[in-house]
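Inspection log for the structure reproduced underneath, given as structure tokens.
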Amino acid sequence: MSNFAAGMIRPDYIFSVSWEVCNKVGGIYTVLSTQAKTLMESGGATLVYVGPDLWKDSENPLFIEDATLYQDWVRSLGETDHIAVRMGRWNIPGKPMVMLVDFSYCHENRDWIYTRAWDLFKVDSLHAYGDYDEASMFSFAAALAVRSFYNYAIGPDFKVVYHAHEWMTGLGALMIKHFIPQIATVFTTHATSIGRSICGNGKQLYRYFEGYHGDQMAQELNMESKHSIEKQTAHNVDCFTTVSDITARECTQLLEITPHVITKNGFENGFVPSKRDFAARRADARRTILEVANTLFGTTWGDETQIIGIGGRCEFHNKGIDLFLDSLRNLRDSGMADGHHVLALVNVPAWVREPRKDLLEALKTGSCGKPLNSPFITHWLHNMTEDSIVSTLICNGWGNTPSDDVKVMFVPCYLDSKDGIFNKTYYDLLIGQDLAVYPSYYEPWGYTPLESAAFHVPTVTSDLAGFGLWVNSEMGHCGELSDGVAVVHRDDCNWNEASDRIRDIMAGWLSMDETSRDKVRDAAAGLASKALWKHFIKSYLEAYDMALKTASAKMLQ
């Protein structure tokens with residue numbers, strides 16, 4: 001299978017570098033882990049993912065080490081550059097080759113590295129703090145490893161692409177650009193660091209969009225170093241990409257460069273159970289969710305319960321968690337849910353202390369006669385009184401009394417099948433939901449609504465999410481629930497209108513008969529099928545083609 005058009009250059013080797021290779025942290029992990037199989041099949045190149053070796057003293061379930069892979073080169077790299085590398089396979093579909101890099105040696109040369117970055121590319125590392133040092137040392141070590149591998153095992157007769165993901169790998173891309181300019185460099189920002197910071201600090205990104213200057217805001221928000229490496233990388237690589245039109249606009253304004261290619265994020269439907277297994281997996285998920293909820297609430301709600309969920313990282317405002325909770329309050333107070341059983345599942349990781357022992361005991365004994373204390377949370381937190389979700393639930397009066405038609409269950413743990421209460425993965429529970437709501441304020445793409453739709457769960461997203469804008473473009477109108485994905489308009493001034501719109505969508509779902517709901521579920525899955533990697537991977541190949549041609553032209557100058 002090939003997605004290369006006539007005249008496009010095919011890379012022989014692709015090095016895809018990210019902090020999230022074999023390291024499940026956020027959305028970039030999903031991007032890379034789901035694209036690998038399709039990229040290997042479509043590109044025809046030798047694909048090598050490069051990530052940080054963070055599991056040296058413990059087993060990484062995502063990494064299958066193979067000490068026989070390039071063992072002579074691994075040995076020589078340690079001897080010449082003092083960089084330790086472990087080779088193996090990423091335990092994902094396609095089992096791509098992986099190079100995990102130990103970057104600890106670079107820390108003692110940090111000042112020299114930062115000086116070189118300034119001298120060569122004017123990268124400002126003087127204001128570094130937090131994760132900047134660690135990310136930059138990994139990035140530099142990754143570049144050294146790839147440079148060594150290129151010289152040892154590849155050479156100038158082959159076409160090679162170095163693809164750096166997010167600001168955390170920018171320094172390495174710049175170093176490759178300097179050391180081996182014949183290697184084509186691609187840089188993808190999945191969200192600009194300064195744009196995310198503007199939103200995270202409660203500032204109105206969209207109302208005053210044209211008035212923001214990236215360098216000025218970086219200084220104001222103490223983001224100079226991250227913004228600097230991101231901006232300089234974007235300006236100096238052979239091809240700069242981002243994941244959506246809305247983030248491209250952000251790059252133009254804040255990084256002062258328009259991306260060359262939009263590399264939309266696809267999905268691999270191999271995660272979705274087959275038709276043969278789907279009904280059983282969905283029934284099992286619903287049994288698990290309802291068992292925990294009924295035990296927590298002291299109720300006996302059955303399969304008539306409509307489970308409406310939100311998930312993702314704990315970015316209370318950016319991810320629209322605040323708006324979702326307000327729309328639930330709106331639904332409850334309006335009376336539109338009267339006569340229905342509505343379970344709102346808030347699956348957002350927080351600072352978990354432990355699974356609730358009283359809940360565990362009640363689950364073991366099968367007791368659900370009366371609500372437990374604090375009957376809205378499944379795990380105790382270290383910061384119960386400061387957590388934004390807990391505080392909002394208490395402020396909005398979510399007592400979850402037996403007579404309440406709308407109840408909220410906050411699942412504040414990372415669902416990795418070892419949380420102590422559900423002991424299932426995120427996908428294992430997602431399939432049991434009836435509706436999903438992700439009304440993001442800041443969302444360059446939006447994997448969670450795409451994943452939900454792929455699992456036949458009708459979904460609400462916003463037009464401030466790249467995925468939401470794609471849905472509108474694909475449908476030719478603003479997405480409605482009947483399309484499988486409803487797209488809510490959001491801006492800095494329409495909170496109440498957006499809350500009412502989400503309330504009405506949820507109420508509309510409750511009023512449907514089961515036949516109508518099945519049609520909407522099928523529409524959601526059908527729409528998600530148009531966003532599979534087999535459709536979107538061609539934009540990556542276009543980026544690699546552009547980078548290779550640009551690098552080649554520069555070598556001739």
Once you measure the plane-to-plane angle for Phe138 and Trp19, does it fall in the parallel (<30°), tilted (30-60°) or perpendicular (>60°) bin?
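Answer is perpendicular, since the angle exceeds 60°.
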Taking the six-membered ring for Trp, are Phe267 and Tyr427 parallel (under 30°), tilted (30 to 60°) or perpendicular (over 60°)?
perpendicular
Does one side chain, of [X] or [Y], offer a donor that lies under 3.5 Å from an acceptor on the other?
{"X": "Thr425", "Y": "Ser417", "value": "no"}
{"X": "Tyr544", "Y": "His163", "value": "yes"}
{"X": "Asp326", "Y": "Ser499", "value": "yes"}
{"X": "Ser16", "Y": "Tyr162", "value": "no"}
{"X": "His489", "Y": "Asp463", "value": "yes"}
{"X": "Thr247", "Y": "Ser244", "value": "yes"}
{"X": "Thr34", "Y": "Trp533", "value": "yes"}
{"X": "His477", "Y": "Asp483", "value": "yes"}
{"X": "Asn330", "Y": "Ser327", "value": "no"}
{"X": "Glu304", "Y": "His341", "value": "yes"}
{"X": "Asn294", "Y": "Thr300", "value": "no"}
{"X": "Tyr442", "Y": "Glu250", "value": "yes"}

Is there side-chain contact between [X] and [Y], with at least one heavy-atom pair below 4.5 Å?
{"X": "Tyr414", "Y": "Asp419", "result": "no"}
{"X": "Arg86", "Y": "Phe63", "result": "yes"}
{"X": "Leu323", "Y": "His317", "result": "no"}
{"X": "Leu481", "Y": "Pro458", "result": "yes"}
{"X": "Val352", "Y": "Leu381", "result": "yes"}
{"X": "Val161", "Y": "Tyr13", "result": "no"}
{"X": "Met97", "Y": "Arg89", "result": "yes"}

In plain terms, say whether [X] and [Y] are close enough for a salt bridge, that is, a side-chain N and a carboxylate O under 4.0 Å apart.
{"X": "Asp504", "Y": "Arg501", "value": "no"}
{"X": "Asp303", "Y": "Arg286", "value": "yes"}
{"X": "Lys364", "Y": "Glu361", "value": "no"}
{"X": "Asp416", "Y": "Lys418", "value": "no"}
{"X": "Arg282", "Y": "Asp434", "value": "yes"}
{"X": "Glu315", "Y": "Arg196", "value": "yes"}
{"X": "Asp428", "Y": "Arg281", "value": "yes"}
{"X": "Arg521", "Y": "Asp518", "value": "yes"}

Here's a test for you: under side chain to side chain contact (heavy atoms under 4.5 Å, CB included), which of Val292, Leu372, Leu343, Thr401 qualifies with Phe297?
Leu343
Reference residue Val21; test side chain to side chain contact (heavy atoms under 4.5 Å, CB included); the match among Ile28, Leu32, Val50:
Leu32
Tell me whether Ser516 contacts the main-chain N or O of Met512 through its side chain, where contact means a donor paired with an acceptor under 3.5 Å.
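Here the side-chain-to-backbone pair does not exist.
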Does Lys95, at its NZ atom, have more than 12 non-hydrogen atoms belonging to other residues, nucleotides or ligands within less than 6.0 Å?
yes
Over 12 foreign heavy atoms within 6.0 Å of NZ, Lys37
no
Take Thr263 and Thr241, measure what side chain to side chain donor-acceptor pair (under 3.5 Å) needs, and give me the verdict at the end.
CA-CA 6 Å; Thr263 48; Thr241 86; 3.1 Å; yes
Go through the steps for Lys519 and Asp522 under the test salt bridge (charged side-chain N to carboxylate O under 4.0 Å, His left out), then give the verdict.
CA-CA 5 Å; Lys519 290 180 179 178; Asp522 290 341; over 6 Å; no
Set of side chain to side chain donor-acceptor pair (under 3.5 Å) partners for Asn60, sequence neighbours left out
none
Kindly confirm or rule out a cation-pi arrangement of Arg329 over Trp398, judged by NZ or CZ under 6.0 Å from the six-membered ring centre and within 45° of its axis?
no
Walk me through it: do Tyr29 and Ser18 pass the test side chain to side chain donor-acceptor pair (under 3.5 Å)?
CA-CA 9 Å; Tyr29 178 93; Ser18 171; over 6 Å; no
Could you please spell out the steps behind the side chain to side chain donor-acceptor pair (under 3.5 Å) verdict for Thr242 and Thr189?
CA-CA 5 Å; Thr242 194; Thr189 182; 5.2 Å; no
